[in-house]
Number of protein chains: 2
Amino acid sequence: MPEDRPRRDPASFEAKRREILRAATRAFARKGFAGTRVGDIAQEAGIAYGLIYHYFDNKDAILSSLFQGMWGVSLKVIEGIDAQGGTLEEKLRGVAGFFLEAWRLEPDAVEVVLKEVLRSPKFLDADNVSAFRGLFERLEGIFVAHAAELRPGVDPKLTAVLFLGALEILLTGMIARELLGADAAAIEQSRDALVDTFLHGIAG
Amino acid sequence: MPEDRPRRDPASFEAKRREILRAATRAFARKGFAGTRVGDIAQEAGIAYGLIYHYFDNKDAILSSLFQGMWGVSLKVIEGIDAQGGTLEEKLRGVAGFFLEAWRLEPDAVEVVLKEVLRSPKFLDADNVSAFRGLFERLEGIFVAHAAELRPGVDPKLTAVLFLGALEILLTGMIARELLGADAAAIEQSRDALVDTFLHGIAG
DNA sequence: ATTGCGACTGATTGACCAGTCAATCAAGGA
DNA sequence: TCCTTGATTGACTGGTCAATCAGTCGCAAT
């Protein structure tokens, strides 16, 4: 009788896939997506060129996989923050804090997603845009739910866009090392400045 | 005697250069910089392939020229808004209004600069970064000058980053047609929402 | 032992495209 | 008329690189 036991072990397959993904992330962070040859990824991972294509359909699929993974986690965390309840201020601090912390823990991955996916026309395809929209809608939902805490006339959709935009540029600035430090205290300070500015404005 | 009169007419040379630049801008807006072949630009401009290289050093130089032109004008306008005086609110409204208006009048050019220069690691070279920094510093200067109108503890540099970041994402959203309309009224509304949020916050 | 399968290799291929260049054209001056 | 010079043309070259593929290796089941 044929054995049910599959010849390919899914667990080790996934493990190797992740290993390649991590190597690719390092390479992309160093030289950019376009500047990274598939051979560079193979070298970084310590495997042969052709093996990349055993684990990924093509070069684009590697970047997409990175983005989808990060984005899925992000969406779940934001949903968790929302579900947990609390004030609007606490939720916004949670959202901003999560992305800033993600960068502290996984700087390469965040940098690559920010620079190569969110900012590249090429990767703004249907799948990614809809993933994108999911996060925006979730944040917009938070603003709608907390409408009582907002000044009248504040548009939730526009506010969501402005908040994420400001957060994005904050991260971009930190990545470029133009802005503040990378330690936990500096991150906390940036997060608070962002949330305070949004909630209370800069006017005296 | 040799004539002083130059054989090459600088005025018509510049005119043709601008013509090519406009054709390239259209092509870049439609297919992205990387997706546009030099042949596409030539076709769009109705000239031969090789002639592009008579007017520009290479493909990159075309995009750089577009950026430098736009950025130079922007910096001058922002300086003018600052010099003209007025309240902080008026100045911020002026800055945001200028960029939004620029997009209404020259959508292709603004879109290309936004998507292909500001967001591309490749074009963030020394020249462009320093041009970039000029605008940031000018805006930061405005916040410093109006410190009396600000809440204590507001960091001018961080505020400048957040303001331009939010403005950038607002434009990006409008370009993607996800957000609001493109008519003058919608633009005015977005501009006011941005400035109001920054000055007074969203909290009630 | 042998066979079947997934893991793995890296040289080769084929497409793409920026940039070059030799040749032609048009206009002005001698 | 003939020369000079800049404008113009587009076929061609050279380099790059993603993706393929023919094959090797090692293990596990029969």
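When reading the values below, keep in mind they use all heavy atoms of this one structure, side chains included, and skip hydrogens, waters and symmetry mates. Chain naming here is simple, since letters A, B, ... match the order of the sequence lines and numbering starts at 1 in each.
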request  = Please indicate whether B/Glu106 has more than 12 foreign heavy atoms, meaning atoms of other residues, nucleotides or ligands, lying under 6.0 Å from its CD.
outcome  = no
ask   = Is a side-chain donor or acceptor of A/Trp71 paired with a backbone partner of A/Ala131 at a separation under 3.5 angstrom?
value = yes
query = Any donor and acceptor pair, going by atom type alone, linking the side chain of B/Ser190 with main-chain N or O of B/Ala186 inside 3.5 Å?
reply = yes
inquiry  = Looking at A/Phe33, I'd like to know if the NZ or CZ of A/Lys115 sits under 6.0 Å from its six-membered ring centre while staying within 45 degrees of the ring's axis.
reply    = no
message = Treating A/Glu116 as the side-chain partner and A/Phe28 as the backbone partner, does any N or O pair qualify as donor plus acceptor under 3.5 Å?
response = no
ask   = Under 3.5 Å, side chain of A/Asp108 to main-chain N/O of A/Ala29, donor-acceptor pair present?
value = no
task = Can you tell me the distance, in whole Å, between the CG atom of A/Leu51 and the P atom of D/dC25?
result = 16 Å
inquiry  = What is the separation between atom CZ on B/Phe13 and atom P on C/dA27, rounded to the nearest whole Å?
reply    = 19 Å
message = If you take any heavy atom closer than 4.0 Å to DNA chain C, which residues from residues 62-70 of chain A end up in contact?
response = none
ask   = Can you tell me if the side-chain N/O atoms of B/His54 get under 4.0 Å from OP1 or OP2 in D/dT8?
value = no
key: Atom-pair distance (CD1 on B/Ile20; C1' on D/dT8), nearest Å   = 11 Å
message = Run the side-chain hydrogen bond (donor to acceptor under 3.5 Å, both in side chains) test on B/Lys91 and B/His146 for me, step by step, so that the C-alpha distance in whole Å, both residues' side-chain angles and the decisive distance to 0.1 Å come before the verdict.
response = CA-CA 10 Å; B/Lys91 288 183 183 176; B/His146 289 261; 2.9 Å; yes
query = Under 4.0 Å between a Lys/Arg side-chain N and an Asp/Glu carboxylate O for A/Glu19 and A/Arg22?
reply = no
request  = Starting from P on D/dC17, measure out to CD1 on A/Ile52 and report it in whole angstrom.
outcome  = 16 Å
ask   = Which whole-number value in Å describes the distance from B/Tyr55 OH to D/dA7 C1'?
value = 6 Å
inquiry  = Generate the contact string for nucleotides 15-22 of chain C. Rules: B means base contact, S means sugar-phosphate contact only, - means no protein heavy atom under 4.0 Å.
reply    = --SBBB--
key: Whole-Å distance separating the CD atom of A/Gln43 from the P atom of C/dG10   = 11 Å
